[in-house]
Every structure is written in C-alpha cells, then in structure tokens.
Amino acid sequence: MQISNSLILLSLLSSLILCSSSSSIQESEAAIESLLKRLDSKRSPASVQEAAARGVLQRLLPTHLSSFEFKIVSKHQDGCDGRSCFRISNYKSSRRNSPQILIEGTTATEITSGLHWYLKYLCYVHVSWDKTGGIQIASVPKPGALPRVSDNVVIIQRAVPWNYYQNVVTSSYSYVWWDWERWEKEIDWMALQGINLPLAFTGQEAIWQKVFTEDFNITAEDLNDFFGGPAFLAWARMGNLHAWGGPLSQNWLDKQLLLQKQILARMLELGMTPVLPSFSGNVPAALKAIYPSANISRLGEWNTVDADPRWCCTFLLDPSDPLFVEIGEAFIKQQFKEYGDITNIYNCDTFNENSPPTDDPTYISSLGSAVYAAMSKADKDAVWLMQGWLFYSDSSFWKPPQMKALLHSVPFGKMIVLDLFADVKPIWKSSSQFYGTPYIWCMLHNFGGNIEMYGVLDAVASGPIDARLSENSTMVGVGMCMEGIENNPVVFELMSEMAFRSDKFQVKEWLKVYSHRRYGKELHQIEAAWEILHRTIYNCTDGVADHNTDYIVQFPDWDPTLHSRSDLHQENQMQKIPGIYRNRRFMLHEISSPLTQPHLWYDTQDAIAALKLFLDAGNELAGSLTYRYDLVDLTRQSLSKLANQVYLDAISAFQNKDANALVVQSQKFLQLIKDIDVLLAADDNFLLGSWLESAKSLAVNSDEAKQYEWNARTQVTMWFDNTKYIQSKLHDYANKFWSGLLQGYYFPRASMYFSHLSKSLSEDKAFSLEDWRKEWIAYSNEWQAGTEHYPVKAQGDALALAKDLYEKYLR
C-alpha cells in the first residue's frame with residue numbers, strides 16, 4: 001500500500017508540474033500574441049511601407065522597377081492564416097507595359113522577402129554583402145521577359161514570428177565606422193533576408209549624455225571617463241571597461257544620434273521592429289559621489305594586464321536600489337522623446353559576464369524584477385530581450401534554480417531569451433525550453449569578426465525546425481547573433497532562409513541552387529567543390545567555438561625550450577589528423593603546453609581538392625566578383641592551414657638545434673605571409689586600408705582622425721592594454737586576414753620571433769622570450785599609433801595569383 005500511495009503521489013506531482021508548465025506556456029503564448037498585435041499597431045501606413053519596399057527594389061534592380069507591383073495585405077488574407085507571410089503571383093492585367101509579378105506581404109519586409117524569394121528561385125539571383133562579393137543579377141531576364149509563377153501563386157508563411165539580427169558587439173566589430181550610405185545597404189540586405197527584429201544600438205551614448213547631465217548632475221568630464229572609444233563602445237556599454245580609446249567628441253555623439261534616427265526611420269518604413277537598449281546598471285564613477293547612499297559597487301577587472309584604474313573596474317548600480325528604476329525609466333523616456341513610441345522590446349544584459357553577488361534564487365529573482373521594473377515603469381508594455389550567453393559561458397553559476405529565478409522574475413511573455421549559441425550549444429534542450437520562457441533560436445557562428453571559412457550548415461538547416469516542433473516548444477523566432485559580419489555568405493543566407501522554412505530539406509540540393517545563383521552559372525566543377533566544402537569546412541561538428549587561431553594571425557607567445565620535443569612531435573602528428581581535436585578548447589585547460597592549437601575540424605587535403613575544382617572553373621567565372629571572393633578566401637584558408645604545419649616544423653628544428661632547418665622553415669612561414677598578403681591585395685574585400693580610411697572619414701579634424709585610426713588599428717591587433725613585457729590578454733582576438741595587416745603587422749612580429757630563435761642557436765644561448773616580447777610589443781604600440789596609408793583598391797589578378805600559389809605550395 002505504501003508503494004502504491006507513493007506512485008499515486010508521484011503521478012499527482014507529475015501532473016501538477018505538467019499542468020504548471022502547460023499553463024505558463026499558454027500564458028506566454030497569449031502575451032506574445034498580444035505583443036504582436038501591439039507592434040502591428042505601431043507600423044507605418046501601408047503606402048509608406050509599399051514605397052519603402054519599392055525603394056529596396058530600385059536600389060537592387062533599377063531596370064525592373066516597373067516589372068513588379070507591391071501590396072500590403074492583412075495577416076488574414078487567404079493563405080496567411082493569421083501569420084506574417086508573402087504571396088507571389090502573376091500580375092493580371094491586359095494593359096501593355098503593366099507589371100509582370102505581384103508580390104503581397106503583411107509588412108514591407110515580407111514584400112522584400114517575397115521579392116528576394118522570387119529572384120532567388122526563379123531568376124537565380126544572389127544577394128550578399130559587398131564585402132563578400134556583392135550581388136549577382138546578371139541572370140535576371142530583361143524587363144518584360146521575367147519568368148511566370150508556374151502555380152499561379154506561391155504563399156510562404158513565417159514559421160515563427162521573428163527573424164532577429166545582431167549581437168551587442170557587432171556594432172563595434174563591424175558597424176562602428178559606417179555612414180548612412182553603408183547603413184542603407186545593410187538595411188536593404190536585412191529586408192531582403194526577412195529580418196524583422198533588428199538590434200538598434202547606434203547613438204545611445206548621446207541619449208545617456210542627456211540623461212546623466214540633465215537629470216543626475218553628471219558632468220561632461222565625468223562622461224569622458226565613462227564612455228569608451230568608438231571601436232570599444234560595446235564593452236563600455238556592458239561595463240567591461242571605461243575610457244579605453246576615448247574620449248568621445250561632441251561631434252561623434254551628435255552624428256551618431258542623427259545616424260540612429262535615419263536607421264530607425266528606415267527600419268520602421270520597412271515594417272521592422274527595432275530592439276532598443278535599456279539600462280543594465282552600468283554607471284559613471286561620479287554617480288557614487290553624487291549619491292553616496294546608493295548601492296553602487298565596483299566590479300572586478302576584465303581582461304586587463306594590471307587592473308589599471310584608468311580603464312578597469314567599472315561601477316554597477318544594484319538593481320534593487322530605487323535609483324536603478326529611476327535611471328532606467330529616464331533613459332527609456334529620453335528615447336521616447338528622441339524617437340517616438342516605436343517599439344516595446346528592449347535589450348538588457350545586466351548579468352552578461354558579470355555574475356550576481358550571490359546564487360540565492362530569491363535574490364536573483366528580485367534583481368530580475370527590478371531590471372524589468374526599470375523598463376516597465378517607462379513603458380507598461382515593455383518586453384525584456386536578453387542574450388542567453390550567460391547560461392553557456394557561466395554555466396557553473398547558472399544552474400536550474402538560478403536560471404528559473406531569473407527567467408521567472410518577470411511575468412510570462414514579458415521576457416524573450418536569445419539562445420545565442422544554439423547552432424553549437426543549444427540551451428533550450430537542457431533547460432526545458434528555458435522553463436517556459438519564449439526564446440529565439442540563434443546562430444552565433446563568428447567571434448571577433450575573424451575571417452575564416454567555417455560553418456555548421458546541417459545544424460543550421462535542421463536545428464530551428466527541431467526546436468520549433470519539439471514538445472512544449474516556446475520558440476518564437478530565429479536569429480543571427482554573430483560578433484562580426486561580412487564573411488561566409490553561404491551560412492548567413494541559409495540561416496536567414498530558416499525564418500521561412502517549415503519543413504526539413506536537403507542541404508546538398510540547396511547548395512547546388514546556391515552555387516548556381518552565387519556565380520550566375522551551373523558548372524559541374526563548382527557543384528563538386530561545394531559538395532566537398534559542405535562535408536568539410538562547412539560541417540564542423542566538434543562543438544568548438546570557432547575563433548581563428550591560425551599561427552599567422554595569432555602568433556604563439558611561448559618559449560619552445562620549455563616544451564619537450566616528444567610533446568611537440570605529438571602535437572605535430574595531431575595537426576595532421578582531421579578531427580583529433582574534439583572539444584579542443586576544453587582540452588586546453590587539461591594540457592601543460594602553452595602552445596595554442598589552431599582549430600582544425602576537416603581534412604585539409606579535401607579542401608585543397610575543392611580549391612583545385614574552383615581553379616578549374618576559373619576561365620568560365622573570371623569576371624565574377626562572387627567567384628573571386630570565394631576563390632581568394634579558399635586559397636587563403638588552405639595556405640593558412642599549411643602555415644600552421646610549417647610553424648611546427650620550424651619549432652621542431654629549433655628544438656633539435658638544427659639551425660639550417662630552422663632558417664628554411666621560418667623563411668617558408670614568412671614567405672607564406674607575404675604571398676597571402678599579395679593574394680588578398682587582389683580583392684577589394686580583404687584590405688586593411690578600407691577599414692582605416694572608413695574610420696578617418698568620420699573625423700572632422702586631425703585630432704579625431706588620429707584617435708579614430710588608433711581605435712581601428714588597436715581593435716584588430718593588441719585590442720586592450722599591455723605593459724612593456726606583457727601583451728594584452730585580448731591580443732589578436734579580432735584578428736583579420738587583410739592585406740596590409742599581414743605584411744605590416746603579422747610579418748614583422750613573426751620575423752622578430754624567428755630571429756631570436758636563430759640567435760639563440762648561433763650564439764648557443766638560451767632563448768629569451770622576454771626580449772622578443774619587449775621588441776614586438778614596442779613595435780605593436782608604435783604601429784597602433786601609426787598613420788601610414790594602406791591601399792583601398794585591389795591590385796593584381798586574383799585568379800592568376802591563386803593558380804601560382806596552388807602550384808607553389810599545394811599541388
């Protein structure tokens with residue numbers, strides 16, 4: 001009887017849990033539906049949205065402006081079934097010169113998504129960033145000859161309400177130097193890809209300036225110590241650092257606010273819902289003196305080398321303090337004043353890489369409630385959008401009780417979580433759908449804006465569908481949360497398309513169409529090459545967060561005399577075996593070697609075979625910018641992986657005291673840097689000069705130009721502070737394979753190192769790591785402050801160079 005009663009009790013408890021879970025999901029669904037209706041009511045009038053969609057068409061395909069008719073329709077239109085959707089049909093008219101194709105959508109972004117779908121799958125058009133080859137529209141028939149829709153109408157519904165875009169650091173790694181011309185292109189790209197929930201973080205420092213100076217007696221001088229420099233604003237906003245790279249001029253603040261208003265206006269015209277920033281607790285140091293009784297604590301150091309207070313250890317206002325709500329309310333109200341009532345969704349990441357002072361669930365719940373109160377007091381319909389990165393990066397703290405406490409600290413449906421790294425480490429699976437909280441399935445993919453061909457195409461194609469169809473799913477969107485953009489266009493196009501994919505499909509077949517669209521032709525060599533790339537470079541299944549740690553761009557800081565030859569031999573052998581480094585980032589904590597291990601998840605010989613196929617198609621595609629970009633990128637990657645092996649051979653020669661072999665291998669490594677630099681110089685999209693000139697173009701005087709250039713140079717090299725003998729902990733985090741950077745920065749650094757190794761052997765003296773550090777760190781700091789010009793236009797024949805380098809190194 002006792003066992004029977006226990007079973008009954010367990011059954012009752014299970015039923016209660018299921019009922020509670022079901023109830024919370026229903027609450028969330030109702031809240032999300034209510035939110036969608038409110039956001040729909042904020043949209044621009046139909047005529048404005050239709051005009052905005054036509055503007056996208058005019059900029060993309062001006063010759064065909066009269067070939068299409070656009071129309072905003074209700075979600076209750078036939079085929080939409082109450083969801084966001086687009087409809088593509090043949091335009092019915094007997095008039096001459098009438099449009100050929102009618103595209104209807106529930107918003108302008110739905111219309112542009114429909115336009116893109118039509119152009120992709122009926123005209124074989126390809127749209128990517130200019131920096132990844134740009135658009136391919138040569139395959140579009142002339143006006144009047146566009147292909148008809150065979151089934152009379154194509155109806156595509158969004159599988160989930162939202163397609164989210166951006167990471168909180170993308171604004172620094174990619175957007176920092178953009179003007180309106182570049183932003184307009186980006187918003188067009190977003191609209192064509194179906195993005196309807198973009199983060200809009202530009203210009204917030206100008207809002208903070210008004211809030212702090214007008215309402216809280218903070219001076220402009222105080223804010224100089226609070227704001228970071230232009231290239232480091234993302235981390236100042238998160239409270240990781242202050243003043244580094246600053247101060248911000250009034251010119252910067254004013255122009256960025258004006259730019260934000262242009263960005264928001266266009267997003268709204270296209271029917272998008274911008275996600276605005278909110279208060280996370282990060283405050284100027286001066287606030288502590290002005291409000292001495294406020295609960296303000298100084299955080300610990302974040303990646304500094306010596307905790308220098310000039311930029312280390314920021315101040316955090318505890319969410320439980322009444323002042324927190326006061327500041328948070330003032331900030332959102334100031335945004336209302338500047339932008340109008342344009343959204344109900346606000347981003348806040350108070351606990352991103354900053355753990356609460358205690359793991360007590362009750363305390364964590366009170367903090368979450370206070371954060372939300374700061375939003376909802378200014379906007380009663382506010383919804384808190386939170387990056388879920390903390391649940392992965394600090395999983396030892398955020399156990400189920402702590403996660404539930406935070407996620408359930410606000411009413412159900414008033415928080416949306418970004419499952420930031422779902423393409424590799426999905427949290428929804430291990431957290432019972434975030435314990436009933438709505439979430440967006442996101443692809444992180446890129447760190448630091450590094451340039452590396454990499455992807456998990458199969459996971460991208462199946463992950464969102466699996467999550468949406470899973471039991472008790474609370475998924476409400478898909479998203480792209482990369483740290484840097486303008487790389488791997490195939491990955492981003494597939495991820496964007498998942499917003500409109502309800503059923504699974506074959507990636508292999510999708511890639512055949514993709515390659516046809518990207519280059520404008522069907523070529524068997526290219527199809528075969530993409531089959532190889534699909535199962536190798538774009539099939540990373542080792543669970544590793546892909547930072548580019550190839551030795552050229554992240555040169556090892558270590559003393560090889562402290563590492564045995566047998567261990568290096570083992571490392572050397574492992575480099576040659578694909579897949580040997582399963583979970584290698586976790587292995588780094590378990591081995592004694594200080595030698596970094598570049599990420600290698602595929603057989604490099606397979607990638608070289610794909611490169612050969614690309615080269616074989618060169619005569620057919622020589623004039624294609626998309627082909628040139630991919631060819632240069634694949635050649636660069638193949639040579640960079642080869643350089644990793646050459647570096648190990650040089651170190652082995654040093655450890656064997658073979659001076660001649662050391663010279664041969666080190667010179668080969670340095671020559672590879674030179675040759676890759678020349679290759680990259682042949683494509684406009686791999687130039688350091690473009691990054692530097694875009695930074696200087698925003699300056700209004702020589703002092704600003706010098707400051708902005710220092711910011712631009714520093715971010716992609718040393719990144720943060722250093723001492724005479726200690727490099728920044730973040731050095732090379734944002735490394736780039738750019739012509740100019742290889743020759744002007746990576747080459748001298750490696751050359752100095754090998755010179756010290758050779759000197760050690762020739763003089764029979766111990767290698768001095770400290771001497772090398774002193775030399776190259778001094779060089780780095782001098783280079784960071786430099787003003788020498790680098791080319792902004794490509795030079796050389798990319799195809800000829802790629803062929804020569806293949807014959808020289810890879811055949």
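Side chain of Glu69 to main chain of Pro99: no donor-acceptor pair is present (N/O by atom type, distance under 3.5 Å, no hydrogens or angles). Although no hydrogens or angles enter the test, the distance criterion places a donor-acceptor pair under 3.5 Å between the side chain of Ser431 and the main chain of Ile427. Proximity of a side-chain donor or acceptor of His408 to a complementary backbone N or O of Gly436 within less than 3.5 Å is not detected. Judged by distance alone, the side chain of Asn163 and the main-chain N or O of Ala499 form no donor-acceptor pair under 3.5 Å. Side-chain atoms of Ser365 do not come within 3.5 Å of backbone N or O of Ser409 as any donor-acceptor pair. With Arg54 contributing its side chain and Leu65 its backbone, the two residues share a donor-acceptor pair below 3.5 Å. Panel note: side chain Ser496, backbone Phe492; a donor-acceptor pair is recorded below 3.5 Å. Arg158 contributes a side-chain N or O that, together with a main-chain N or O of Gly194, makes up a donor-acceptor pair within less than 3.5 Å. Judged purely by atom type and a 3.5 angstrom limit, Thr474 uses its side chain to pair as donor or acceptor with the backbone of Gln433. Using a distance-only test at 3.5 Å, with no hydrogens or angles considered, a donor-acceptor pair links the side chain of Asn90 to the main chain of Val149.
With contacts defined as side-chain heavy-atom distances shorter than 4.5 Å, the pair Glu205/Arg237 qualifies. In this structure, Leu444 and Val424 have side chains that are not in contact, with every pair of non-hydrogen atoms separated by 4.5 Å or more. Side-chain contact between Ile416 and Trp162 is present, with heavy atoms from C-beta onward closer than 4.5 Å. In this structure the side chain of Trp398 reaches within 4.5 angstrom of the side chain of Leu406, judged on heavy atoms. Using a 4.5 Å heavy-atom threshold, the side chains of Ser171 and Thr202 count as separate. Between Ile195 and Met480, the closest side-chain pair of non-hydrogen atoms falls below 4.5 Å. No side-chain heavy atom of Lys71 sits under 4.5 Å from any side-chain heavy atom of Arg87. Counting heavy atoms from C-beta on, the side chains of Lys414 and Tyr372 come closer than 4.5 Å.
A distance of 10.0 Å separates OG of Ser280 from CG of Leu317, quoted to the nearest 0.5 Å. Here Gln209 contributes atom CD and Leu257 contributes atom CG; the two are 9.5 Å apart, rounded to the nearest 0.5 Å. Atom CG of Asp349 and atom CG of Asn282 lie 12.0 Å apart (nearest 0.5 Å).
Under a cut-off of 6.0 angstrom, the local environment of NZ in Lys261 is crowded, with over 12 non-hydrogen atoms contributed by other residues, nucleotides or ligands.
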Could you please spell out the steps behind the side-chain hydrogen bond (donor to acceptor under 3.5 Å, both in side chains) verdict for Ser113 and Glu110? CA-CA 5 Å; Ser113 299; Glu110 256 58 47; 5.2 Å; no
Evaluate ring pair (Phe, Tyr, Trp, His ring centres under 6.0 Å) for Phe201 paired with Tyr175, printing each intermediate quantity in order. CA-CA 10 Å; Phe201 265 29; Tyr175 308 151; over 10 Å; no
Might you work through the side-chain contact (heavy atoms from CB on, under 4.5 Å) test for His445 and Val460, ending with a clear yes or no? CA-CA 10 Å; His445 184 264; Val460 166; over 6 Å; no
I would like to know whether Ser320 and Asp318 meet side-chain hydrogen bond (donor to acceptor under 3.5 Å, both in side chains); could you show each step before the answer? CA-CA 5 Å; Ser320 63; Asp318 193 287; 2.4 Å; yes
Quick one, Val127 with Leu119, criterion side-chain contact (heavy atoms from CB on, under 4.5 Å). Give me CA distance, side-chain angles, the key distance, then yes/no. CA-CA 10 Å; Val127 177; Leu119 293 173; over 6 Å; no
Check step by step if salt bridge (Lys or Arg N to Asp or Glu O under 4.0 Å) holds for Arg182 and Glu186. CA-CA 6 Å; Arg182 178 60 187 86; Glu186 186 70 7; 3.1 Å; yes
List the steps and the verdict of salt bridge (Lys or Arg N to Asp or Glu O under 4.0 Å) for Lys337 and Glu214. CA-CA 14 Å; Lys337 185 176 178 181; Glu214 294 174 10; 5.2 Å; no
I'd like to know whether Leu146 forms a side-chain contact (heavy atoms from CB on, under 4.5 Å) with Phe68, so could you lay out the CA-CA distance, the side-chain angles of the two residues, the decisive distance to 0.1 Å, and finally the verdict. CA-CA 10 Å; Leu146 289 178; Phe68 295 89; 3.8 Å; yes
What verdict does the side-chain hydrogen bond (donor to acceptor under 3.5 Å, both in side chains) test give for Gln256 and Gln260, after you've listed the backbone C-alpha separation in whole Å, the side-chain angles of each residue and the deciding distance to 0.1 Å? CA-CA 6 Å; Gln256 290 294 297; Gln260 170 76 334; over 6 Å; no
So Met443 and Met498, side-chain contact (heavy atoms from CB on, under 4.5 Å) or not? Walk me through it. CA-CA 11 Å; Met443 177 189 77; Met498 294 312 297; over 6 Å; no
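In the model, Glu50 has no side-chain atom that pairs as donor or acceptor with a side-chain atom of Ser47 under 3.5 Å. In this structure, a donor-acceptor pair under 3.5 Å is absent between the side chains of Asn167 and Tyr173.
Summarising the geometry of Gln49 relative to Ser44, their closest heavy-atom pair is NE2-O, 2.8 Å, with the distance given to 0.1 Å. Residues Asp215 and Ala330 approach most closely at OD2-CB, 3.9 Å, considering heavy atoms. The heavy-atom pair separating Ser74 from Cys80 by the smallest distance is O-SG, 4.2 Å. The minimum heavy-atom distance linking Trp384 with Cys348 is given by the pair NE1-O, 2.9 Å. When every heavy atom of Leu197 is checked against every heavy atom of Tyr164, the shortest pair comes out as O-CD1, 3.0 Å. Closest non-hydrogen pair, Gly477 versus Val160, comes out as CA-CG2, 3.5 Å.
By the 30° and 60° cut-offs, the orientation of the rings of Trp389 relative to Tyr392 is tilted. Using a 30° and 60° split on the angle between ring planes, Phe391 and Phe434 fall in the tilted class, from 30° to 60°.
The pair Asp40-Arg43 counts as a salt bridge, with a side-chain nitrogen and a carboxylate oxygen less than 4.0 angstrom apart. Between Glu326 and Lys377, none of the side-chain N atoms (NZ, or NE/NH1/NH2) sits under 4.0 Å from a carboxylate O, so this pair counts as no salt bridge. Lys504 and Asp466 are joined by a salt bridge, as a carboxylate oxygen and a charged side-chain nitrogen come within less than 4.0 angstrom of each other.
When each of Asp381, Asp341, Asp379 is checked for a salt bridge (charged side-chain N to carboxylate O under 4.0 Å, His left out) with Lys42, only Asp341 meets the rule.
The SG atoms of Cys481 and Cys442 are placed at least 2.5 angstrom from each other.
Between Phe500 and Phe86, the distance from one ring center to the other falls under 6.0 angstrom. Side-chain rings of Trp189 and Tyr165 approach one another, their centers coming within less than 6.0 Å.
A search for side-chain contact (heavy atoms from CB on, under 4.5 Å) contacts involving Ser128 returns His126, Thr132, Pro489, Arg518, not counting sequence neighbours.
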Under 3.5 Å, sequence neighbours excluded: what are the donor-acceptor pairs made by side chains of residues 264-279?
{"unit_1": "Arg266", "atom_1": "NE", "unit_2": "Glu269", "atom_2": "OE1", "d": "3.2"}
{"unit_1": "Arg266", "atom_1": "NH1", "unit_2": "Glu184", "atom_2": "OE2", "d": "3.0"}
{"unit_1": "Arg266", "atom_1": "NH2", "unit_2": "Glu184", "atom_2": "OE2", "d": "3.4"}
{"unit_1": "Ser278", "atom_1": "OG", "unit_2": "Asn347", "atom_2": "O", "d": "2.8"}

